[in-house]
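Here the structure is laid out as structure tokens; the discussion comes afterwards.
Ligands are counted one by one from 1 in listed order, and the atoms in each one are counted from 1 as well.
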Amino acid sequence: MELIFELSKPGRSTADVSASDVPVVNIEDVIGRQYLRDDLDLPEVAEIDLVRHYTNLSRRNFGVDLGFYPLGSCTMKYNPKINENVAALPGFTGLHPNASDEFAQGNLQLMYDMQKLLSSIFGMAEFTLQPAAGAHGELTGVMMIKKYFESKGQKRPIILIPDTAHGTNPASGALCGFDTITLRSNAEGGVDIEHLNSLMTEDVAGLMLTNPNTLGLFERNIEQVAQIVHSKGGLLYGDGANANAFLGKTRPGDLGFDVIQLNLHKTFATPHGGGGPGSGPVGVSEALVNYLPVPRIVKNDPTYSWSASFPDTIGRVRAFYGNFNVIVKAYTYIRSLGTEGLTRATEMAVLNANYIKEKLKPYYDLPYDRVCMHECVFSGNRQVAQSGVHTSDIAKRLIDFGYHPPTIYFPLIVPEAIMIEPTETESKETLDAFCDAMIAIAQEAKENPQRVKDAPLSTPVSRLDEVLAARKPDVCWKKP
Ligand SMILES: *Cc1c(COP(=O)(O)O)cnc(C)c1O
């Protein structure tokens, strides 16, 4: 496909503006310096070229609205358009972020109610909606943990992180100045309790646990894990990015978590990707409420206002209201589904993942063969041994079948990992068709491995050098 610059023809334009009847003033004479650059090479194209160019480009993209997107740990589910419609209401989009509280009552109430809804769904004392994404929520949570121990006068330099954790977990710990120590998993994919017992001392601020973890497995010993961490005065942090696996079934607060971050853009509408906005609210137990970011919304019946007078706060972590429109979409999602709907969403997410796990088990290695939650993790080891076809080849071949590849090579403890998260919104027909494609690829890997290694075969470009693209991106067009 040509670049927009290559379509350029001198004099073409999208707009025909009639000649001005206002006297021409040279702005550079007025302000006394050059104002417009003349070294910018802008493309000159007609409106139809412009529309076709970008429409064609958009058709080379892939999204949840186009097809199945089983990207493990990312919860790329379909989101009803009503969430978008509500977030687009002028009262939400038109409010100036600097408007005073009296003009923002409805928006403040929505945020206040959202905090209360999240607190009750997750069993936490309070929530902040400020953080802009999951990793930002983790950072906020760990900052609160740090401040908690500082104000108690305790030096605790260590945070424990399981070997299955998302990479953002150790990053958040390290950014706050903690040493991160890796906690081993046991043979069934949960926390190795003996290892936890040996690591958990009074030098440890806490454990950052994802439950269900990134193997899609629920931590069976969660109460014991919480008890061990608490017995040494530590705090239990929960990475709640996988919350669609337990809505309405259990609450982190009841399981012993002291802090938890959510990913509204995974669990509660607004699929992420493409660098779009996210929202990573953080919930805390009673012991940490004073450290929440400011400003916080306070209710002075019947009105709402911002307040920054919380002396122990970690301060502000995000400008204005956080990513407000993501919060509106998530609020709409929760209100339209209700308790029953949320519980059912979790049941479908777990059923769908187990359906895929059982269907593909004869064809791909399944390192942890037990009931999974919202996702299942296979290994491509068998295909590597049989014919040298790797997980990355299988992922590329899926593109030819019209599917977005699953997450691959993560979690790190599974060699050649293939992490499939079907989500709650997919029908049995879609799951069956995807499984048929995976089975066909397993067959092809045996019979015609080169074809799989050459994939994708149906895309505008085939294999790209992904390292080169990341290290030396060529984004500048130069006139030939
Ligand atoms: C996605 C994810 C994160 C990070 O969330 P972002 O919004 O991408 O910053 C953290 N932990 C887990 C388990 C995740 O799946």
Problem - No-hydrogen, no-angle side-chain donor-acceptor test under 3.5 Å, Glu424 and Asn352 - result: no

Exercise for the section: Compute whether any side-chain donor of one residue and acceptor of the other, for Thr423 and Tyr78, lie under 3.5 angstrom apart. Expected result: no

Practice task
Could you find the nearest protein heavy atom to atom 1 (C) of ligand 1 and give me its residue, atom name and distance?
Solution key: Lys266 NZ, 1.4 Å

Handout entry: Part of His136 within contact of ligand 1 (heavy atoms, under 4.0 Å)
Key = neither

Problem - Nitrogen or oxygen of Gly134 less than 3.5 angstrom from that of ligand 1 - result: yes

Completion exercise
closest protein heavy atom to atom 11 (N) of ligand 1 is Asp239 OD2, 2.6 Å

Exercise for the section: Could you say whether the N/O atoms of Asn263 and ligand 1 ever approach to under 3.5 Å? Expected result: yes

Completion exercise
Between Glu421 and the options Leu71, Asn242, Asn244, the side-chain contact (heavy atoms from CB on, under 4.5 Å) test singles out Asn244

Exercise for the section: With heavy atoms of Ala241 as the reference, note each atom of ligand 1 found under 4.0 Å away. Expected result: 2 (C), 11 (N), 12 (C), 13 (C), 14 (C), 15 (O)

Practice task
Compute the centroid of each ring, for Trp306 and then for Phe320, and state whether the two points are separated by less than 6.0 Å.
Solution key: no

Exercise for the section: Give yes if a backbone or side-chain nitrogen or oxygen of His265 is under 3.5 Å from a nitrogen or oxygen of ligand 1, and no if not. Expected result: yes

Practice task
Please name the residue in the list Phe401, Tyr355, Tyr403, Tyr69 that meets the ring pair (Phe, Tyr, Trp, His ring centres under 6.0 Å) test with Phe434.
Solution key: Tyr403

Practice task
Could you verify whether a donor N or O on one side chain and an acceptor N or O on the other, from Thr346 and Thr343, lie under 3.5 Å apart?
Solution key: no

Exercise for the section: Have a look at ligand 1 and work out which part of Ser73, if any, has a heavy atom under 4.0 Å from it: side chain, backbone, both or neither. Expected result: both

Problem - Asp163 versus Ser185, side-chain donor and acceptor atoms under 3.5 Å - result: yes

Fill in the blank from the handout: ligand 1 atoms nearer than 4.0 angstrom to some heavy atom of Glu138 are 10 (C), 11 (N)

Exercise for the section: Look only at interatomic distance and state if Ala133 has a nitrogen or oxygen under 3.5 Å from any nitrogen or oxygen of ligand 1. Expected result: no

